[in-house]
Amino acid sequence: MNIKFDIEGGNFSSAGLASSEVKRLLKQLNIDIKTIKRLVVAMYEAEVNIVAHAYQGEADVEINEDHIKVVFTDHGPGIDDIDLAMQKGYSTASEQVREMGFGAGMGLPNIKSHADKLNITSEVGKGTRVEIICYLNA
Amino acid sequence: MTIEEIKNKLDLSVFSGQDGLSKTATGGYVSDLLSDVMGNAKEGQVWITLQTHKNIMAIASLKDIAAIIIVKDLQPSEETIEFSNKENIPLLSTSKSAFEITGQLYETFMFAKSTQEND
C-alpha cells in the first residue's frame, strides 16, 4: 500500500498531520503498537524538518508485509555536511523556530534512534531526501 | 491516578479537553524542547511545559500523553484549545513555575505509590 502526503514548508500549524494520519491508519491495520510508536517519532521529526527548513516537500509512505518505508523529499536549501547535521545539539533553525521549542538539534538523532534504517542524501541549493525504514515486529 | 485527581490535588484549572479527565496518568515529563518530549516522554505521562502553541497538542496526540499542564498562567492559543478538545487531551493551567508544580506532582505520585504498597 502506498500513500503520499504533501508537506508545506513554513506552515507549523499543519506539522504532524502526515504522522498522525499514518498512525491512525497503521492502528486500523493492526500493526504492532511498538513499531507504530517508533515510526511516528521518526516521521514527525522528518516532517518538522521540512516545515522548519524547506519550501515544499512530500512524504511517500509504503506499507509492506515486513516493513514500512517512508521517503521524505523536499525542495529546500539542502544539507551541506550530513555528519555535522546528525550530531546531537547541532541545528541551523531560526531564532523564531527555536523559541517554539524546535531546533534543539535532536530531530535527526531522534530519527536515527527510533527507525531501523535512515538514509539521507542531499544537494545544497536543491533539496534533501530522507529515507526511513521500520521493520514490523523487530 | 486519574487526571481529575491530579487536577484536584494540584489545584489546576482546565482550559479544555474535559472528556479526557477520567484517563489514568502513569507519571510525568517536564520539557520545553519538543524533540525531547517526542524522543523521551512515555504514553500516559502528564507533560509540564511553558509552550502554548498548537504543536504541543500534535506531540501529545502522537505520543499518547495523558494531559498537558501549562505553567505560570500562560495562555494557550485558540488552535491549541481546539485541538485539545478534538483529541480529548486535557490542557491544564497553573500559576506556579515548572519547578514548583513538578515537585508537587512528583510528591503526589510518590505518595500514591507508598499508600499502594502499604495496602
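In the text below, chain A, chain B and the rest are named by the order of the sequence lines, each starting its count at 1. Reckoned from all heavy atoms, side chains included, excluding hydrogens, waters and symmetry mates.
When the side chains of ILVMFWY residues are joined at heavy-atom separations under 4.5 Å, either directly or via intervening members, A:Leu17 and B:Met57 end up in two distinct hydrophobic clusters. Under a hydrophobic clustering in which Ile, Leu, Val, Met, Phe, Trp and Tyr are joined whenever their side-chain heavy atoms come within less than 4.5 Å, directly or via other members, B:Val71 and B:Leu10 fall into the same cluster. Grouping the Ile, Leu, Val, Met, Phe, Trp and Tyr side chains by contacts below 4.5 angstrom, directly or via other members, places B:Phe99 apart from B:Leu92. Under a hydrophobic clustering in which Ile, Leu, Val, Met, Phe, Trp and Tyr are joined whenever their side-chain heavy atoms come within less than 4.5 Å, directly or via other members, A:Ile82 and A:Ile50 fall into the same cluster. Both A:Phe5 and A:Leu26 are assigned to one and the same hydrophobic cluster, defined by single-linkage of ILVMFWY side chains at heavy-atom distances under 4.5 Å.
Contact check for B:Leu62 versus A:Met43: no side-chain heavy atoms found under the 4.5 Å cut-off.
Contacts with chain B (heavy atom to heavy atom, under 4.5 Å) involve no residue of residues 117-125 of chain A.
Under a cut-off of 6.0 angstrom, the local environment of CE in B:Met110 is crowded, with over 12 non-hydrogen atoms contributed by other residues, nucleotides or ligands.
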For chain B against chain A, give me the donor-acceptor pairs closer than 3.5 Å, one per line with atom names and distance.
unit_1: A:Phe12; atom_1: O; unit_2: B:Asn55; atom_2: ND2; d: 2.9
unit_1: A:Ser13; atom_1: O; unit_2: B:Lys54; atom_2: NZ; d: 2.7
unit_1: A:Ser13; atom_1: OG; unit_2: B:Lys54; atom_2: NZ; d: 3.4
unit_1: A:Ser13; atom_1: OG; unit_2: B:Glu79; atom_2: OE2; d: 3.0
unit_1: A:Lys23; atom_1: NZ; unit_2: B:Ser61; atom_2: O; d: 2.9
unit_1: A:Lys23; atom_1: NZ; unit_2: B:Leu62; atom_2: O; d: 3.3
unit_1: A:Lys23; atom_1: NZ; unit_2: B:Asp64; atom_2: OD1; d: 3.0
unit_1: A:Lys23; atom_1: NZ; unit_2: B:Asp64; atom_2: OD2; d: 3.4
unit_1: A:Lys37; atom_1: NZ; unit_2: B:Glu43; atom_2: OE1; d: 2.5
unit_1: A:Glu45; atom_1: OE1; unit_2: B:Ser35; atom_2: OG; d: 3.0
unit_1: A:Glu45; atom_1: OE2; unit_2: B:Ser35; atom_2: OG; d: 2.9
unit_1: A:Glu99; atom_1: O; unit_2: B:Gln51; atom_2: NE2; d: 3.4
unit_1: A:Met100; atom_1: O; unit_2: B:Gln51; atom_2: NE2; d: 3.3
unit_1: A:Met100; atom_1: O; unit_2: B:His53; atom_2: NE2; d: 2.7
unit_1: A:Gly101; atom_1: O; unit_2: B:Leu34; atom_2: N; d: 2.9
unit_1: A:Asn110; atom_1: ND2; unit_2: B:Ser35; atom_2: O; d: 2.8

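When all heavy atoms are compared, the tightest approach of A:Ala15 to B:Ala58 is O-CB, 4.1 Å.
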